[in-house]
Amino acid sequence: MRERKDSEPAGTTGAPVGVVGAGTMGVGVAQCFAEAGYSVVVVDPDPAALRSGPARLRAGVRMARLLRRRPSSSSAEVRAEARAGAGAEAGRVVWSEQLSDLASAFFVVECAREKVPVKEEILRQLDHACGPDTVFASCTSCIPITRLGSFTGRPDRVIGTHFMNPAPLKDAVEVVRAPLTSERTVRRTVDLLAELGKRALVVRDAPGFVTNRVLMLTLNEAATVLGEGTADAETVDRIFQDCFGHPMGPLRTADLIGLDTVVDSLDVLREFTGDERFRPCALLARHVAEGSVGRKSGRGFYQYPEQRQRPEHHLVSRGGASHG
């Protein structure tokens, strides 16, 4: 069991971290906390998401262990350590359908679909269920934190923690501070992320912040040039990889995020900026309408037969998973 550090507020010793959402990002965030030794409560109203959550978390732990393998370790040793670690981390996570089970959490990360009404409902319920000192951290990719804080009676304890996907393998988190977010909340969040081995990059509040204000335009334009026939998907991505040195091209990135989440994010950016550049292009809209939303559905700009499963549309009010 973790011991409370001097920087932690009183009452957090032994208290769990809450995660709202058992989608890709929610499970990844839960894994980050579990690997750091925290007890975690993951809440999602969809029984199917909760049933599959433990297996997905164990698979994530095993994958992370294998990718972080020591150069001197044998394959057999790494696989054994990964299996053992998966069991230990999974044992720290409780799965629930009820937000009321987060009453004792000292920090809650909301990983709901990128829809304002969905997040509003969650935050209003959390504000009622959780103690007055609990920090609400949203994994929103685009919605201004000021707007989210307005749904609670504690805007000073609402902050953005934009984890990237896959959360366990990323070293940094975009932390978004709204004008009403207190210095204490920022410090608690930065210190907590440091315990997870994550570097906090703090930015001011704005639609899309830094990452998605830039990234979503890139993804949308990449889909536009593909739809116009300027180049095929592989060539578009190879240009970004071979010419710019990006580890992954924009179309594979969009597939990894989920094309439904990309469209949701573009819609939010267009709503909050009024800028028509964020209107999803016809090809993106068509893929989403057909259910070809990327890796999680087995098909997007590319084919992923080994990943084929139903898209995640389960979070509160039957939303989906945030990409982070």
Side-chain angles (χ1 to χ4, degrees), residues 21 23-25 110-123 138-151 155 158-165 174-179 203-228 230 233 236 240 249-294 296-297 300-301 311-313 315-324:
T24 299
M25 184 53 66
E110 169 269 308
C111 299
R113 189 177 181 184
E114 200 69 356
K115 294 287 189 181
V116 173
V118 173
K119 293 183 184 292
E120 177 178 2
E121 180 181 348
I122 291 168
L123 288 166
S138 178
C139 199
T140 178
S141 57
C142 291
I143 302 171
I145 301 305
T146 299
R147 179 69 177 275
L148 298 179
S150 72
F151 302 140
V158 178
I159 193 167
T161 50
H162 185 198
F163 287 82
M164 308 298 158
N165 187 27
E174 185 181 36
V175 173
V176 187
R177 177 178 188 168
V203 303
R204 293 182 179 179
D205 195 21
F209 326 124
V210 173
T211 49
N212 282 333
R213 185 67 174 264
V214 176
L215 177 62
M216 290 301 153
L217 277 176
T218 301
L219 303 187
N220 201 32
E221 288 301 305
T224 297
V225 299
L226 175 63
E228 292 174 347
T230 307
V236 171
F240 277 80
L251 298 177
R252 287 197 187 276
T253 298
D255 276 354
L256 177 63
I257 291 169
L259 304 190
D260 52 345
T261 302
V262 172
V263 168
D264 285 346
S265 298
L266 287 166
D267 287 341
V268 167
L269 285 163
R270 187 158 62 101
E271 175 187 352
F272 282 97
T273 65
D275 192 334
E276 286 298 311
R277 291 181 302 164
F278 293 107
R279 181 184 293 277
C281 73
L283 181 60
L284 263 177
R286 185 167 74 248
H287 273 308
V288 172
E290 294 171 350
S292 301
V293 296
K296 61 188 176 183
S297 67
F301 294 120
E312 294 164 336
H313 288 295
L315 211 47
V316 172
S317 295
R318 294 302 181 261
S322 171
H323 80 274

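Just the heavy atoms: all of them, side chains too, but no hydrogens, waters or symmetry mates, feed the values below.
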*Asks:* Counting C-beta onward and ignoring hydrogens, is there a side-chain heavy-atom pair between Lys296 and Thr261 closer than 4.5 Å?
*Replies:*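 A side-chain contact exists here, since the closest heavy-atom pair is under 4.5 Å.
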*Asks:* Could you grab the distance from atom OG1 of Thr140 to atom CZ of Phe209, nearest 0.5 Å is fine?
*Replies:* 4.5 Å
*Asks:* Could you tell me which non-hydrogen atom of Pro207 sits nearest to which non-hydrogen atom of Thr273, and how far apart they are?
*Replies:* CB-CG2, 3.8 Å
*Asks:* Using the side-chain hydrogen bond (donor to acceptor under 3.5 Å, both in side chains) rule, take Asn212 and Ser265 through it: C-alpha gap first, then chi angles, then the decisive distance, then the call.
*Replies:* CA-CA 8 Å; Asn212 282 333; Ser265 298; 5.0 Å; no
*Asks:* Given 3.5 Å as the limit, does a donor-acceptor pair link the side chain of Glu120 with the main chain of Phe151, or not?
*Replies:* no
*Asks:* With rounding to the nearest 0.5 Å, note down the distance linking CD1 in Ile257 to CD in Glu114.
*Replies:* 11.0 Å
*Asks:* If you define the side chain from C-beta out and look only at heavy atoms, does anything of Leu266 sit under 4.5 Å from Leu284?
*Replies:*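 A side-chain contact exists here, since the closest heavy-atom pair is under 4.5 Å.
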*Asks:* Working to the nearest 0.5 Å, report the span between CZ of Arg270 and SG of Cys142.
*Replies:*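 Rounded to the nearest 0.5 Å, the CZ-SG separation comes out at 13.0 Å.
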*Asks:* For the residue pair Leu259 and Ser292, what are the closest heavy atoms and their distance?
*Replies:* CD1-O, 3.4 Å
*Asks:* Working to the nearest 0.5 angstrom, can you tell me the gap between Ile159 CD1 and Ile145 CD1?
*Replies:* 8.0 Å
*Asks:* Between the side chain of Thr253 and the main-chain N/O of Gly249, is any donor-acceptor distance below 3.5 Å?
*Replies:* yes
*Asks:* Over all heavy atoms of both residues, which pair between Ala222 and Val236 is shortest? Give the atoms and the distance, please.
*Replies:*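 For Ala222 versus Val236, the nearest heavy atoms are CB-CG1, 4.2 Å.
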*Asks:* Where the side chain of Asn220 meets the backbone of Arg279, is there a donor-acceptor pair that is under 3.5 Å apart?
*Replies:* yes
*Asks:* If every non-hydrogen atom of Ala112 is compared with every non-hydrogen atom of Val118, which pair is closest and at what distance?
*Replies:*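 The pair with the smallest heavy-atom distance is CB-CG1, 3.9 Å.
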*Asks:* Do you know the tightest heavy-atom contact between Ala223 and Leu251?
*Replies:*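 Heavy atoms of Ala223 and Leu251 come nearest at N-CD2, 3.9 Å.
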*Asks:* To the nearest 0.5 Å, what is the distance between CG (Leu217) and CG (Asp275)?
*Replies:*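 Answer rounded to 0.5 Å: 7.0 Å.
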*Asks:* Which heavy-atom pair separates Pro155 from Gly149 by the least distance, and what is that distance?
*Replies:* CB-O, 3.9 Å
*Asks:* Are the side chains of His287 and Leu283 in contact, using a 4.5 Å heavy-atom criterion?
*Replies:*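 Counting from C-beta outward, Leu283 and His287 do come under 4.5 Å.
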*Asks:* What verdict does the side chain to side chain contact (heavy atoms under 4.5 Å, CB included) test give for Arg213 and Val203, after you've listed the backbone C-alpha separation in whole Å, the side-chain angles of each residue and the deciding distance to 0.1 Å?
*Replies:* CA-CA 12 Å; Arg213 185 67 174 264; Val203 303; over 6 Å; no
*Asks:* Can you tell me how far apart NE2 (His162) and OG1 (Thr211) are? Round to the nearest 0.5 Å.
*Replies:*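 Result: 4.5 Å between the selected atoms.
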